Q: 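Pasting a structure here, questions to come.
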Amino acid sequence: MGILDRFESKVERAVNSAFAKAFHSDLKPVDLVQRLRREVDDKAAIVGRDRTVVPNEFTIELATADYDQVESWGAEALADEFAANVTDYAASQRYAFVGPVTVSFAEDVDQDTGQFRVHSATVRGAVAPATSVGPTARHPLIDIDGQRYILTGAATVIGRGSDADIIVDDPGVSRRHLEIRVTPDGVVATDLGSTNGLFVEGHQVPAATLLDGNTLTIGRTRILFWTGGEPDADE
């Protein structure tokens, strides 16, 4: 079974079994997922060798009856599942994002029940999900407890607070703990006056220029930094 076949199977299981109850019309969750995938394909833009950028923000316009059903069930959980499926699909196609992937729902009173529209946009953010596109000096990759991000902005704030670009669920991490800034002279990690400090390769520092393969620690959270290639699977 190929990767796309496995993806199709995963989508069918995830959205049809978990979310079918959210709809009482001819519209099925898998129809929405397939439309999101088609939107990604239709809007894919080649911007360089081995780099094809696709939209990362999606709005699904639903008829009132379908919208009410989604809201009553829990639109946020459904949107998160759709965003995860779009991210998986992008990885299978070697697409790249320039910001976080989000999916939202909107009511369209002129839409017939069971019908919908999808609108998308490419919106740059500080970080984007890491697909199969490798990191570069301009867009390094960090791994936080197995979750990988490409740094797409000039500066990325990591912390426990909701205003951080990457939110870490660790009581030992301050609300705005660490900034990673990509500059022409290198990538610099800076402690933002945190309570427990920043450690690079086991040494506490106020700031450090990062090298490929460096390990950073904030609280109990370990962050791996890469600019050259994907880390080995056993790391």
Side-chain angles (χ1 to χ4, degrees), residues 53 56-57 76-77 79-92 94-103 123-183 186-235:
V53 170
N56 57 296
E57 292 192 1
E76 185 175 351
D80 287 346
E81 182 65 32
F82 285 175
N85 282 320
V86 168
T87 303
D88 287 346
Y89 178 66
S92 75
R94 297 189 62 83
Y95 292 148
F97 298 108
V98 298
V101 179
T102 63
V103 176
V123 181
R124 182 171 293 278
V127 297
T131 59
S132 54
V133 177
T136 65
R138 183 180 177 187
H139 298 296
L141 178 150
I142 60 173
D143 182 309
I144 303 179
D145 293 335
Q147 186 69 45
R148 295 180 175 185
Y149 306 88
I150 291 288
L151 306 187
T152 51
T156 302
V157 173
I158 302 172
R160 190 166 42 85
S162 59
D163 60 337
D165 298 306
I166 300 177
I167 300 173
V168 177
D169 185 15
D170 180 342
V173 172
S174 297
R175 293 183 60 82
R176 290 172 59 87
H177 196 117
L178 166 68
E179 178 191 79
I180 299 179
R181 182 173 291 273
V182 180
T183 77
V187 181
V188 180
T190 303
D191 184 359
L192 297 177
S194 67
T195 300
N196 294 320
L198 163 66
F199 294 80
V200 177
E201 298 299 324
H203 302 285
Q204 186 170 4
V205 293
T209 299
L210 300 179
L211 302 175
D212 191 38
N214 273 164
T215 299
L216 297 76
T217 304
I218 55 174
R220 296 182 178 180
T221 299
R222 186 177 72 159
I223 302 171
L224 304 180
F225 173 82
W226 303 96
T227 59
E230 291 285 341
D232 293 335
D234 59 351
E235 293 198 20

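One is the number of the first residue; the rest follow in order along the sequence. What you are looking at is a predicted structure, and each value in this text was computed from that prediction instead of being measured. Only heavy atoms go into these numbers, but all of them, side chains included; no hydrogens, no water, no symmetry mates.
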Q: Give a yes or no answer on whether the side chain of Thr152 reaches the backbone of Gly125 with a donor-acceptor pair at less than 3.5 Å.
A: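 Yes; at least one donor-acceptor contact below 3.5 Å.
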
Q: Quick one: CG on Asp145 to CG on Leu224, what's the gap to the nearest 0.5 Å?
A: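 Spacing of CG (Asp145) from CG (Leu224) equals 9.0 Å.
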
Q: Which atoms form the tightest heavy-atom contact between Pro100 and Pro129, and what is the distance?
A: CA-CD, 4.1 Å

Q: Looking at Glu76, I want to see if its CD is surrounded by more than 12 non-hydrogen atoms of other residues, nucleotides or ligands under 6.0 Å.
A: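 Result for CD/Glu76: open.
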
Q: Identify the two heavy atoms, one from Ala126 and one from Ala155, that lie closest to each other, and give their separation to 0.1 Å.
A: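 Closest approach of Ala126 to Ala155, heavy atoms only: CB-O, 3.6 Å.
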
Q: Between Thr195 (side chain) and Ser174 (backbone), is there a donor-acceptor pair under 3.5 Å?
A: no

Q: When rounded to the nearest 0.5 angstrom, what is the spacing between OG1 in Thr156 and CD1 in Ile150?
A: 11.0 Å

Q: Would you please name every residue forming a side chain to side chain donor-acceptor pair (under 3.5 Å) with Asp170, sequence neighbours left out?
A: Thr221

Q: Taking everything shown except Arg124 itself, do over 12 heavy atoms lie less than 6.0 Å from its CZ?
A: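 Yes, enclosed.
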
Q: Test your reading of the model: is there a side-chain donor-acceptor pair from His177 to the backbone of Gly193, 3.5 Å cut-off?
A: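 Answer holds: no.
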
Q: Could you work out, with salt bridge (charged side-chain N to carboxylate O under 4.0 Å, His left out) as the rule, every residue matching Glu57, not counting sequence neighbours?
A: none

Q: Hey, does the side chain of Asn56 reach the backbone of Phe97 with a donor-acceptor pair shorter than 3.5 angstrom?
A: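 Not at all, since once roles are kept as given, no pair shorter than 3.5 Å links the two residues.
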
Q: For residues 157-169, run the donor-acceptor check on the side chains, cut-off 3.5 Å, and write out each pair with its distance to 0.1 Å, sequence neighbours left out.
A:
unit_1	atom_1	unit_2	atom_2	d
Arg160	NE	Val173	O	2.8
Asp165	OD2	Val157	N	2.8

Q: So, do Glu201 and Thr215 sit near enough that their side-chain heavy atoms are less than 4.5 Å apart?
A: yes

Q: Out of curiosity, Ile144 CD1 to Tyr149 OH, how far, rounded to the nearest 0.5 Å?
A: 5.5 Å

Q: Among residues at least two apart in sequence or on other chains, which ones pass side chain to side chain donor-acceptor pair (under 3.5 Å) with Arg181?
A: Glu179

Q: Ignoring hydrogens and geometry, is there a side-chain-to-backbone donor-acceptor pair from Asp212 to Thr227 under 3.5 Å?
A: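 Yes: the side chain of Asp212 pairs with the backbone of Thr227.
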
Q: Taking all heavy atoms of Ala137 and all of Val187, pick out the closest pair and write down the distance.
A: O-CG2, 4.3 Å

Q: Partners of Arg220 by salt bridge (charged side-chain N to carboxylate O under 4.0 Å, His left out), sequence neighbours excluded?
A: none

Q: Output the distance between atom CG (Leu210) and atom CD1 (Ile223), rounded to the nearest 0.5 Å.
A: 9.5 Å

Q: Output all residues satisfying side-chain contact (heavy atoms from CB on, under 4.5 Å) with Thr209, sequence neighbours left out; order by chain, then residue number.
A: Val188

Q: Find the distance between OG1 (Thr190) and CG (Leu198) and round it off to the nearest 0.5 Å.
A: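 Spacing of OG1 (Thr190) from CG (Leu198) equals 8.0 Å.
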
Q: State, to 0.1 Å, how close Ile142 and Phe225 come at their nearest heavy-atom pair, and which atoms those are.
A: CG2-CD1, 4.0 Å

Q: Just verifying a value: how many Å separate Trp226 CH2 and Leu141 CG, rounded to the nearest 0.5 Å?
A: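 Trp226 atom CH2 to Leu141 atom CG measures 9.5 Å (nearest 0.5 Å).
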
